[in-house]
Amino acid sequence: MQKLGMGQAVNQALKEEMQRDPNVFIAGEGVGVSIHVNPMFPTHGLLEEFGPGRVKDTPVSEAAIAGLAVGAAEAGLKPVVEIMFNPFFTLASDMIVNHAAKLRYLSGGKSSFPLVVRIKSGAGFGAGCQHSHNLEAWTAHCPGLKVVMPATAADAKGLLKSAIRDDNPVIFIEHMGLYFAPMPVPEQEYLTPLGQADIKRQGRDLTVVTWSGMLGVAMGAAEKLSQEGIEMEIVDLRTLTPLDRETILTSVEKTGRLIVLHEATRTGGFGGEIAAVVMEEGFRYLKAPLRRVTGPDIPVPASPPLEKFYIPDQNDLIKAAREIM
Amino acid sequence: MNIPRKKQQEMLWTMILSRKFSDSLVELCRIEGKIPGMMILSTGQEAVGSGVCAALKQDDVIITNHRSHHHLLAKGADPKGLMAEIFCKKTGCNKGKSGTLHLTVPEVNAPCTTTVVGATLPIAVGRAFAQQYTQEQAVTVCFFGDGAADEGSFHEALNLAALWQLPVIFVCENNLYAGAQRYEEHTRVKDMAERARAYDMPGIIVDGNDAPAVYQAALEARQRALDGQGPTLMECKTYRCRGHGEQDPQHYQPRDEIRAWQEKCPIPRLSNMLIASGIINSAELQEMESMAESIVQEAVRFAEESPYPEPREALEDVYV
Ligand SMILES: Cc1ncc(C[n+]2csc(CCOP(=O)(O)OP(=O)(O)O)c2C)c(N)n1
């Protein structure tokens, strides 16, 4: 099997979908000519292959980029636009939150907006809080949007292809920490359905629900706890909305314990939503109080020891697991 | 132009200091593990920071962006505090919370630095509004790149500042590139200053590599602002001699274009002029250079020897 970083997997998905469907185009800041000359980046080489008609470098204008997607999608094109870093989502948010998410509803189901907004995210590169801010809970709070956050290269590829073919607006959030570590990706064409979580590790004692960059932390911690005889089951959510309640609840029924792990800050984070679902629908399965392991309620600091303090790690997860075992 | 000798020397000095500061970072950021994050330098653009800030008084405010070293040094920020912050150390001007991208120095009235492109403009409007509201005899300078003028915030801010005749100087540092895009690839407007007309404010084009010209234009804009005649858009035409950041290979910047602009470097341009007119002699120039060198070396030593913040300090400073 080929081994790709997540950026390369995204690149393959874009390439395949652009080859398949002439209505797919990409737009954003530096998606064609970039300050990075690096094959690990998601849009590398696409300008050369598809030309400037379908690979549109835009000015620094996030509102216009998102609006471009909304308008073009209504006309039947399949825009895949990029927001360079998650915090700049705020500049695009009117078009996404008030328009991509709502215009179909406002039309009484008559108009549709088959667009994808790819957002690069994640802490861990020392750039500080105006580049690193995990805002997935904001987007998940908007009915009308689907929110996808892959944790592996293979999932990224299959999910992005599904997102592009989906007739709804999809927010596709890529953790940049995953761009550079090669992971296995199937060679043949495949689609990974939206709205389905994936159990990345089976276990009987404790369910960890996580997504995106935190999957690696969960898998590492699971290895360690396994040596002590504690078997964690790791549920990789993959899609925040629509939420795969069934996979979560089935797992919690099996293990009786739940930890939600995410890199985003705690208060108002999507972990709270998962906790609420389990309390409402799976309370009777729980043998212990559930736990959230998350970033603390602070902006992401730049300095390495501070940023490390911010990002949840294996020790945080292991500590929480021991508390409820 | 009748610029006081002391002002001319001051501009030369802050440009030399700023260049030495950048040059040291070119080396340092290439050493593995030394400086976290990105490294965005203002090499070649020093005349904008130095010319504008020489026209300001201490009480005047600057709102700056990701490419801020030359603005802040010219406004009088302590090189040690900046360097330590760039190294993300506890002794940095922002205690390691910021790093290089949002260096904030309220001590010299640079209180809200932001790396969100275009965000300096509306903030500057608010800062200038406060000056008008309290009838303070001071202005706000807003620095931003040519790329930032494509954000909606640029247009909203200019319109409001003009409508309310706020004491703000919008300084567009047109370094011919926004990321990998050359100027004419991101707008059809030939001169950014032209956009001022849309909001009925003066739009001025200045040679951004000519510190005295920048100074003169800023001085006039400042006076207009203080006289209640509102904002000015000042486009300083200059050049980004290095990549967007230090990891950028500049594959899209023609080599001869870079060379041509290097020849127009604002520092020898001013120093030659000052020597020719007898305002300084070459010994004094050398002295300035070695003094700047030792200040920068001292700042680097300070930054290197300073400790990192303790992890739990991450929790501090979120709220007042
Ligand atoms: C809202 C927003 N979008 C994108 C970026 C990424 N970015 C950082 S600097 C930059 C280019 C800015 O160009 P310009 O305003 O001309 O300033 P320069 O870097 O040339 O000084 C971009 C796109 C950002 N920081 N903020």
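Keep in mind the model is a prediction, meaning the values are calculated, not measured. Residue numbering restarts at 1 for every chain, and letters A, B, ... go by the order of the sequence lines.
- Taking CD from A/Glu273 and NE2 from A/His141, the interatomic distance works out to 9.5 Å, rounded to the nearest 0.5 Å.
- Scanning both residues, B/Arg242 and B/Glu246, for their nearest heavy atoms gives NE-OE2, 2.7 Å.
- Contacts between B/Leu101 and chain A at a heavy-atom distance below 4.5 Å involve the side chain alone, from C-beta outward.
- In terms of heavy-atom pairs under 4.5 Å with chain B, the best-connected choice from A/Ser34, A/Ala63, A/Pro301, A/Pro296 is A/Ser34.
- Within the 4.5 Å cutoff, no side-chain heavy atoms of B/His69 are placed close to those of B/Leu82.
- Of the listed residues (B/Thr114, B/Asp317, B/Thr187), the one with the most heavy-atom contacts under 4.5 Å to chain A is B/Thr114.
- For the set A/Glu307, A/His131, A/Lys308, the entry with the most heavy-atom pairs within less than 4.5 Å of chain B is A/His131.
- When heavy atoms are compared at a cutoff of 4.5 Å, B/Ser98 approaches chain A solely by way of its backbone atoms N, CA, C and O.
- In summary, the aromatic rings of A/His133 and A/Phe89 are positioned with their centroids too far apart to meet the 6.0 Å limit.
- Looking at B/Lys95, only its backbone comes within 4.5 Å of chain A, counting heavy atoms on both sides.
- Most heavy-atom pairs under 4.5 Å with chain A, from the set B/Arg312, B/Glu85, B/Gln247: that is B/Arg312.
- Neither the backbone nor the side chain of A/Tyr310 comes within contact range of chain B, judged by heavy atoms closer than 4.5 Å.
- For A/Ser61, the parts lying under 4.5 angstrom from a heavy atom of chain B are both the backbone and the side chain.
- Looking at B/Val116, the atoms closer than 4.5 Å to chain A (heavy atoms on both sides) sit in the backbone and in the side chain alike.
- Residue with the most contacts toward chain A among B/His102, B/Glu310, B/Glu151: B/Glu151 (heavy-atom pairs, distance under 4.5 Å).
- Within the 4.5 Å cutoff, side-chain heavy atoms of A/Ile173 are placed close to those of A/Asn86.
- Taking the six-membered ring for Trp and the full ring otherwise, B/Tyr252 and B/Tyr177 have centroids separated by under 6.0 Å.
- Across A/Glu29 and A/Val60, no two heavy atoms sit closer than the pair OE2-CA, 3.4 Å.
- B/Tyr239 has its side chain within reach of B/Gln253: a pair of non-hydrogen atoms, C-beta onward, lies under 4.5 Å apart.
- The contact between A/Glu62 and chain B is made by backbone and side chain atoms together, counting heavy-atom distances below 4.5 Å.
- Nearest heavy atom pair, residue B/Leu176 against residue B/Trp261, reads CD2-NE1, 4.4 Å.
- Per-residue heavy-atom pair counts under 4.5 Å with chain B were compared for A/Gly32, A/Ala127, A/Ala64, A/Gly128, and the maximum is reached by A/Ala127.
- For A/Thr58, the part lying under 4.5 angstrom from a heavy atom of chain B is the backbone only.
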